[in-house]
**Student:** 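I'd like to ask some things about the structure below.
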Amino acid sequence: KVIRNAGVAALAAPLAVAARQHDVRGATDGRPNVLLMLVDDMPVTALPQMARVNSFFSEANGGLDLTEGCYGDSALCAPSRTSLLTGKYPHNHGTFDNDDAYIRYRTRGYATTDLLARLDGAGYRVGYFGKLINNYEASPEYPAGDKWHHPHADRWSAIVGSQNDAQPWRANNDGKVTEETGDHSSYFGSRAETFIRNASPGVPWFCMYCPTDPHTPYIPPPTDAHDYDGARLVDPATQETDFSDKSSYWAKQTKESPAESQKHFEGTLEEGSQNDRWFGYLIAALRETGQLDNTIVVYVSDNGYLFGEHGGLTHKQKPYEGSIRTPFLVRGPGIPTRREISSAWGAGTPLISRIDATRTILSLAQAPQRATDGRDIRNLGRGPAYWRARSRRATGPGRAERVGPHQRGQQEADPLRLRRRVRALRLGVGSLRVGLACQGPVLRLRDLRPGRQARCPAPRFGDHPEGGGEVKQARREELR
């Protein structure tokens with residue numbers, strides 16, 4: 001067995017044994033295994049350089065890339081991670097910033113009803129590796145030495161406290177906190193690989209691997225440190241020169257120089273190479289143990305990132321495509337093909353959210369799905385009547401028009417100016433709240449002015465123009 005990194009030499013022996021013991025295994029009880037990889041601050045603009053990821057999820061290999069229509073439920077780490085774990089939009093789980101996210105997760109009891117808890121209750125073997133939620137075990141409400149780990153995880157290995165690349169750092173392994181040095185991604189990736197290789201025949205598993213890359217500060221491994229020197233994002237939005245349509249919100253935002261943007265883009269691509277490599281290792285483990293054909297593989301990011309678009313905008317938490325669009329790729333048994341979706345949707349592109357991964361995983365696992373806000377992506381093959389509407393731009397009261405992914409740069413209207421026509425956008429603290437009602441399978445614009453109720457109501461099938469028995473039955477099947 002090749003040792004992935006000198007910092008994980010202690011894992012070499014168990015990995016080697018696992019490779020011999022579990023060859024051609026992977027039989028489960030009929031339900032699929034699930035590998036969910038959640039990366040940190042990776043925008044859509046960094047996806048093209050992920051060679052292994054793109055190859056695995058290519059249409060030719062049976063993959064499904066839903067990135068074009070994927071808009072994040074939040075453009076900030078902790079709220080989006082809470083959304084993925086709970087299956088709820090931020091306005092329903094109540095976390096809008098990073099500072100108190102871990103405290104909220106603990107005090108609100110989400111660990112008893114989240115994705116891990118539901119899969120554990122459904123008989124899955126559960127493993128979690130990497131970054132949990134910002135300030136995990138570093139919050140003042142939980143004193144130093146608090147060794148909480150998820151009660152429904154069979155294997156738990158999470159970074160403690162600060163998630164930057166400062167050395168040394170701490171890890172919580174099944175309740176035991178240790179001081180570590182070296183690269184985070186290799187440390188947690190090796191443990192995720194061990195978990196996959198140690199799968200027991202007849203027992204389905206869920207593995208969630210959450211590396212801390214690519215996130216500032218950018219400190220890629222020496223092998224990747226200069227792979228993208230001089231790289232610069234080429235996009236119409238980075239070449240914008242006319243800012244006359246911009247709002248007062250835009251004017252107040254910190255702008256960065258082209259040199260700073262280039263440095264951040266280089267770092268993102270170089271740390272992304274580490275993610276791509278570890279994705280390849282995990283897929284190799286699935287192949288070598290005979291589990292690939294019965295495993296759902298999902299690749300998502302917690303939010304996007306800006307590299308100087310629209311006059312020098314940077315970082316995240318901005319109502320612009322670079323910040324709110326994220327990768328969403330999936331492959332595995334039962335997932336519709338691109339051909340099936342194209343046939344059902346024609347030229348349209350489905351509107352996707354990360355929390356659709358949560359609902360889909362629960363559905364495939366035959367686990368409870370109630371009180372989750374996402375949709376089962378298997379319904380995409382049935383057409384728009386069983387899904388949300390296309391991503392839309394307001395054009396007047398109650399009306400909308402299709403927005404293509406190419407409509408950026410100087411053609412892209414400032415989102416905040418749309419309030420003059422339809423009051424359907426509101427900025428929350430640390431999170432972007434978009435007025436998308438979840439009344440039936442059709443997207444609806446809602447008034448989210450301050451003081452108005454922002455929580456999505458229960459589905460109302462009568463709101464859909466074709467809200468007959470077939471649509472209602474499909475929604476009931478999702479809520480089963």
Side-chain angles (χ1 to χ4, degrees), residues 14-15 17-39 52-53 55-57 61-64 66 84-85 87 114-130 150 152-157 188-211 275 278-300 328-337 354 356-369 372 374 376-378:
L15 285 176
V17 173
R20 291 194 296 271
Q21 287 181 339
H22 294 290
D23 255 355
V24 304
R25 289 195 179 191
T28 69
D29 62 359
R31 296 175 294 173
N33 308 309
V34 180
L35 170 60
L36 173 57
M37 185 166 175
L38 171 63
V39 297
R52 297 171 183 83
V53 170
S55 175
F56 180 81
F57 290 108
N61 287 327
L64 180 60
L66 296 170
L84 186 62
L85 287 167
D114 64 9
L115 180 61
L116 279 63
R118 296 182 192 219
L119 291 175
D120 177 44
Y124 271 65
R125 184 168 175 260
V126 175
Y128 193 101
F129 309 93
H150 202 290
H152 293 279
D154 297 282
R155 290 292 180 268
W156 177 262
S157 184
F188 296 113
S190 294
R191 283 158 172 75
E193 184 178 5
T194 301
F195 180 85
I196 291 172
R197 291 185 179 277
N198 287 342
S200 301
V203 181
W205 51 261
F206 170 75
C207 177
M208 191 164 178
Y209 172 47
C210 308
N275 286 343
W278 269 102
F279 177 82
Y281 293 155
L282 298 183
I283 297 304
L286 290 173
R287 284 199 176 98
E288 292 166 10
T289 56
Q291 301 180 86
L292 181 58
D293 289 343
N294 195 39
T295 300
I296 300 293
V297 182
V298 183
Y299 186 96
V300 294
F328 190 118
L329 304 102
V330 60
R331 171 178 157 181
I335 300 301
T337 65
R354 274 183 302 263
D356 296 332
T358 311
R359 169 61 70 88
T360 305
I361 291 168
L362 291 172
S363 180
L364 287 163
Q366 300 173 29
Q369 302 152 53
T372 57
D376 186 338
I377 63 174
R378 292 180 295 174

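As a basis for the values below, the full set of heavy atoms in this structure was taken, side chains included, without hydrogen atoms, waters or symmetry mates.
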**Student:** Quick one: side-chain contact (heavy atoms from CB on, under 4.5 Å) partners of Ala357, sequence neighbours excluded?
**Tutor:** Leu84, Val298, Phe328

**Student:** Give the intermediate values and the outcome of side-chain hydrogen bond (donor to acceptor under 3.5 Å, both in side chains) for residues Ser200 and Arg125.
**Tutor:** CA-CA 9 Å; Ser200 301; Arg125 184 168 175 260; 5.4 Å; no

**Student:** Can you give me the closest heavy-atom contact between Gly189 and Leu282, atom names plus distance?
**Tutor:** O-CD2, 4.0 Å

**Student:** Evaluate the criterion side-chain contact (heavy atoms from CB on, under 4.5 Å) for residue pair Arg155 and Thr194; output intermediate values, then yes/no.
**Tutor:** CA-CA 10 Å; Arg155 290 292 180 268; Thr194 301; over 6 Å; no

**Student:** So do the side chains of His150 and Asp114 get within less than 4.5 Å of each other, counting heavy atoms only?
**Tutor:** yes

**Student:** Counting only N and O atoms by type, is there a donor-acceptor contact under 3.5 Å from the side chain of Asp356 to the main-chain atoms of Gly374?
**Tutor:** no

**Student:** Distance check, rounded to the nearest 0.5 Å: Cys207 atom SG versus Glu193 atom CD?
**Tutor:** 10.0 Å

**Student:** Please verify the inter-ring angle class for Phe57 with Phe279; under 30° counts as parallel, over 60° as perpendicular, anything in between as tilted.
**Tutor:** tilted

**Student:** Could you tell me whether the side chain of Gln291 and the main chain of Ile196 form a donor-acceptor pair under 3.5 Å?
**Tutor:** yes

**Student:** Is a side-chain N or O of Arg331 found less than 3.5 angstrom from the main chain of Gly62, in a donor-acceptor match?
**Tutor:** no

**Student:** State, to 0.1 Å, how close Ile377 and Pro336 come at their nearest heavy-atom pair, and which atoms those are.
**Tutor:** O-CG, 3.6 Å

**Student:** Evaluate the side-chain proximity of Asn33 to Pro204: yes if any heavy-atom separation is below 4.5 Å, no if none is.
**Tutor:** yes

**Student:** Do Val126 and His152 touch side chain to side chain, with heavy atoms closer than 4.5 Å?
**Tutor:** no

**Student:** Is any side-chain heavy atom of Trp205 closer than 4.5 Å to one of Thr295?
**Tutor:** yes

**Student:** First locate atom CG of Leu362, then atom CG of Asp376, and finally report the distance between them rounded to the nearest 0.5 Å.
**Tutor:** 9.5 Å

**Student:** Look up atom CD1 in Ile296 and atom OG1 in Thr360, then write down how far apart they are to the nearest 0.5 Å.
**Tutor:** 9.0 Å

**Student:** Could you check whether any side-chain heavy atom of Val39 comes within less than 4.5 Å of a side-chain heavy atom of Pro211, counting everything from C-beta outward?
**Tutor:** yes

**Student:** Nearest 0.5 angstrom please: Ile361 CD1 to Arg118 CZ, how far?
**Tutor:** 12.5 Å

**Student:** Quick one: does Asn61's side chain have a donor or acceptor within less than 3.5 Å of a partner on Gly63's backbone?
**Tutor:** no

**Student:** If you round to the nearest 0.5 Å, how far is CD of Gln366 from OH of Tyr124?
**Tutor:** 7.5 Å

**Student:** Looking at Tyr209, Phe195, Phe129, which hits side chain to side chain contact (heavy atoms under 4.5 Å, CB included) with Ser157?
**Tutor:** Phe129

**Student:** Would you mind reporting whether Val330 and Val300 have side-chain heavy atoms less than 4.5 Å apart?
**Tutor:** no

**Student:** Decide yes or no for Leu116 and Trp156: does some side-chain heavy atom of the first lie under 4.5 Å from some side-chain heavy atom of the second?
**Tutor:** yes

**Student:** Is any side-chain heavy atom of Val34 closer than 4.5 Å to a side-chain heavy atom of Leu364?
**Tutor:** no

**Student:** Just verifying a value: how many Å separate Leu36 CG and Tyr128 OH, rounded to the nearest 0.5 Å?
**Tutor:** 8.5 Å

**Student:** Taking all heavy atoms of Arg31 and all of Ala122, pick out the closest pair and write down the distance.
**Tutor:** NH1-O, 2.7 Å

**Student:** Look only at the side chain of Arg52 and the backbone of Ile283, and say whether a donor-acceptor pair between them is shorter than 3.5 Å.
**Tutor:** no

